[in-house]
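Working notes, structure below.
For the numbers below, each heavy atom of this structure counts, side chains included, while hydrogens, waters and symmetry mates do not.
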Amino acid sequence: MITRTAATKNGEKRSHDNGKSRDPHANSTALGDSRGIRDGGVSEPRTAAVAEFAADVFSERVMRDLLPEAVYYSLTQTIRQGRRLDESVAEAVANAMREWAIARGATHYCHWFQPLTGSTAEKHEALYISDGNGGALTSFGASALLQGEPDASSFPSGGLRATAEARGYTAWDPTSPAFLTRYGGNIALCIPTVFVSWTGEALDKKTPLLRSIDALSEQAMRILHIFGTDNGVSRVRTTVGAEQEYFLVDEPQFFERPDLLMCSRTLYGASSAKNQQLADHYFGPIPERVRAFMAEVEASLYRLGVPVHTRHNEVAPGQYEIAPLFEEANVACDHQMLLMETLTRVATRHGLRALLHEKPFAGINGSGKHNNWSMCTDTGVNLLDPQDETHTNLQFLVFLVAVIAAVDEHAALLRASVASSGNDHRLGANEAPPAIMSIFLGEMLTDIVRQVEAGEMTRTLSSAVLDLGARTLPQIPRHAGDRNRTSPFAFTGNKFEFRAVGSSMTCAWPNTVINTIVAESLAKIADRLEKTLKGNTSPEKLASVVFEVLGDLIRKHKRVLFDGDNYSEAWHAEAERRGLPNLRDTASALQTFGEGNVVKLFERHKVFNPSELKGRQNILAEKYATEVRIEADTMLMMARQLIAPAGTRYEQELATALAATRSSGLDTSRRERLLKEIAVLNESLQMQIDFVTAWLDGAGEPADSAVGEACRVASELKPEMDKLRSLADRLEAIVPMDSWPLPSYRDLLFIK
C-alpha cells in the first residue's frame, strides 16, 4: 500500500527527504565534508584501510602541520576560495612537500598532467642529485614545484603547435593535492599540474576544466547576489561523483586475443548461449577472486584519498562497478584517472585484465561512467537541493531551469563531449541512453515545472510511505519521484546524472562542457533579471520577475524534458518531431565544435580560444579515424592468420570425411549442405578481407580535413568491418570448438 500527501503553501511538510537521493554518489553532504574526506578527516578508524585513508596525500591536514601559519593560510585561500596563487609561498611548500615525500620513501618527483591523449603523463626527476663530492643536493625547490618543461611536440596539439615547436610547460595546480605512487617497489611524488604550450594555449584537459569552473562560479554568484544569498560566499564550485563500470577477463585468455591486446575490445566473437538474459549477475555474489582484486584496488585508492564507496556486480557477466563519493570537480576528475590506472595495474597482480572500453563485447551491456554533477557554494550549500516546499524555493528553480535551458540549447555540444569510437558502440544500446540528449526530472519536479509554466505555484508533491504488507517489515519512505535509467541526463534528488559518458574517458572534458553551457544559461538569466529588477529585489517584485523569466524559459525549452523510455523507437520518432538532434556517431558529433555559436560560447566564457577549440576538434577526429583504422588492421591480421585458416582446415576435414562417407553408399546430402555452407562462408570471408585491405591501401580519396576523414572512415570503412565480423562470427558458430583459434565469449565472460 502507498500513502501519499501533497504539501501546499500552507499545508504540511513532506514526510521524507524531498526526493533527495540516498545514492552514495549523491552530493548530499556539505562540501566541507568532502574536503574532510580528501584530507583524511575520518573519525574513529575501524579498519586498517580506513586508518590509512589519504596516507599518501599531501593534504590540507598535512600542510597545516608542516607549513608556517601564514603560508598555510595563503595557500588554503587559493584552494578554497579560488584566489590567485601567491608564488612567494612556493619555496616553503616545496621544502615541506619534499621532506614529507622523502620521509615516506620517495626517491623521485614528477609533474602529473593530462595531455590530449586521453591518459596521464609524467616524467620522473630525482629528488636529490650528487654534488660530486660524495654528498647530495636537492633538485626540488620552488621553481621545480611551480613549473616544468616537457616536450610539447610529442603530444597531440591538433595544429596548435608545429612539430618543430617543442616547448611546453607544466604548471602546479594547488587545488588538487600532490600524492605518492607506489609501483614496483619505487615511490614517487606526483604533483598535479596543467599543461600548456609556449604560447600559453592549453594542451591538456585540466586547464579548460579549471577555466570552466571559474566561468560557472562567476555567473552563479550573480544569481546568488540577486537573491541576497551571497553573504559569506566567495565561490561556487561544481561537484562530481563518477561511477566507473569495467570488465575483468582472465589474463592468459586476454593474451590469446590480439583484438583485446591491441584494441581493448573483441573485434570478433559469436554470442554465448547464455550471457545476461537471466539478469543473475547483477548485484549477485562477487566471485572470491574478484573480491580480492576489489579489496586491493580500494586499499590503494584509500591511500590516495579517493573516496570509493560502492562495489558490485554489473549487469553483464564479467562486468563490475566501483563508485566514489562526490568531490570538487577538479579533484574528482584527477581521482577518476587514478582510479582507472589503479584498476588496470592491480588486475595484473591477480592474473586478470581490466577492460575499460565502452563495448568490449558485442550483444551485451557496455560500460559507462555515470557522471553525477551538481553546484555547491564554498559554504556547503548544494544549489540543486530542492529542499522542503520546493515550489517556493525560487533560487533552486532558477538553477534547475538554467540546466534545462543549457541542455536544450547545447544538446549537440553535450553529445559531442562524449563522442568516441568506443562510445559509438554503446550509446543507444540496451544499457545506455541514446545519442539524443533529453532530461528526466521525475514526477515532483515535472509537476512544479508545469506550475511555473502556468504561472501559478500551489504545491509540492510529497514523498510517500510504502506499507510492505508484513508486520515484521518496516514501513519505508518512498521518494517523491522515480529514477529513469534510460535518460542521458537525469535529475536524481539533488544532482544531475549524465549517463552518456564513456567508461574509458576522462571526466574533465564532459564536465568542462557542462560547466560552460550552464554558465552561459545562468548569464542569460542574470542579464534579464538585473535588467528588469533594476536593483529592486523586494520579495514581491523578485518573485514576479523570476516566475515570468522561468515561465518563458520553460515554454521555450520544455521539448528537452522526457520522463519515458528513451530506448523506445517511439521516443526516437517523438524526438525528431520535437526537433532534438540525434547525432548517431562521433564523426557527426565532432562537427559541432566548428559551429560559430559554439566557438563564441567558449570564447565568451574564456574556456577556449578558437584555436584551442579547433585543435581539440582535430585531435578527436584524428583519434577516431586512427582507432578505427587500427581496428581494421587488427581484424585483417586476425582474419588472415587465425580465422580464415581455421575455416579452411574445417572445410578440408569435411571434404575428406564426405569423400569417405560417399564410398560407403550412405546418404551425404546433409553433409554436402554443411560443406557448401562452409565453402561459401570461407570464400565470402576472403572477398571481404580483400575489400577491407583495398580500402586501407588507398581506395578512395582521403578527405581534406580531420573531421572529413573521420566522416569518411565512419561511412565507408566501418560498414565493411561489420560485414567482415559478421562472416567470421558465423564461421565461429559452425567450426568445432577445439579447432577455433580464439577464446570464445563463453570463456572470456564466465571463466574467472
May I ask you to test the M221-V233 pair for a side-chain heavy-atom distance under 4.5 Å?
-> yes

Under a 4.5 Å cut-off applied to non-hydrogen side-chain atoms, are V546 and F227 in contact?
-> yes

Say whether [X] and [Y], considering side chains only, have a donor N or O and an acceptor N or O under 3.5 Å apart.
X    : Y    : answer
N618 : E622 : no
E243 : N372 : yes
N365 : Q276 : yes
S487 : N566 : no
T492 : K495 : yes
D563 : T446 : yes

Go through the structure and list residues passing side chain to side chain donor-acceptor pair (under 3.5 Å) with [X], not counting sequence neighbours.
X    : answer
H605 : E520
S212 : N515
T207 : D204
D334 : Q114, S176, K206

List the steps, then state whether side-chain hydrogen bond (donor to acceptor under 3.5 Å, both in side chains) holds for Q319 with S367.
-> CA-CA 8 Å; Q319 187 184 31; S367 297; 3.1 Å; yes

[atom2] on [Y] to [atom1] on [X], rounded to 0.5 Å:
X    : Y    : atom1 : atom2 : value
I525 : I223 : CD1   : CD1   : 6.0 Å
L553 : L400 : CG    : CG    : 11.0 Å
Y246 : I322 : OH    : CD1   : 6.0 Å

Could you name each residue pair satisfying salt bridge (Lys or Arg N to Asp or Glu O under 4.0 Å) that touches residues 405-421, not counting sequence neighbours?
-> D408-R559, E409-K524, R415-D424

Tell me the salt bridge (Lys or Arg N to Asp or Glu O under 4.0 Å) pairs involving residues 581-595, sequence neighbours left out?
-> none

Is it true that [X] and [Y] have a side-chain N and a carboxylate O under 4.0 angstrom from each other?
X    : Y    : result
K606 : D214 : no
R578 : E574 : yes
E603 : K600 : no

Going through the checks in order, is the side-chain hydrogen bond (donor to acceptor under 3.5 Å, both in side chains) test met by E358 and S504?
-> CA-CA 7 Å; E358 285 75 15; S504 68; 2.7 Å; yes

Any residue meeting side-chain contact (heavy atoms from CB on, under 4.5 Å) with I517, in chain and number order, not counting sequence neighbours | A406, H410, L413, L414, V513, L601

Residues at least two apart in sequence or cross-chain that pass side-chain contact (heavy atoms from CB on, under 4.5 Å) with T117, listed by chain then number, are P115, S119, F155, P156

Could I get the full list of salt bridge (charged side-chain N to carboxylate O under 4.0 Å, His left out) partners for E548, not counting sequence neighbours?
-> R528

Just to verify, what does [X] make a ring pair (Phe, Tyr, Trp, His ring centres under 6.0 Å) with, not counting sequence neighbours?
X    : value
H312 : F283
F562 : W571
Y282 : none

Passes side-chain contact (heavy atoms from CB on, under 4.5 Å), F496 versus L384? Steps please.
-> CA-CA 9 Å; F496 279 96; L384 287 178; 3.8 Å; yes

Kindly give the heavy-atom pair with the smallest separation between Q336 and K369, and that separation in Å.
-> OE1-NZ, 2.8 Å

Could you please spell out the steps behind the side-chain hydrogen bond (donor to acceptor under 3.5 Å, both in side chains) verdict for S421 and E627?
-> CA-CA 7 Å; S421 63; E627 286 176 343; 2.5 Å; yes

Can we call the ring centroids of F593 and W509 under 6.0 Å apart?
-> yes

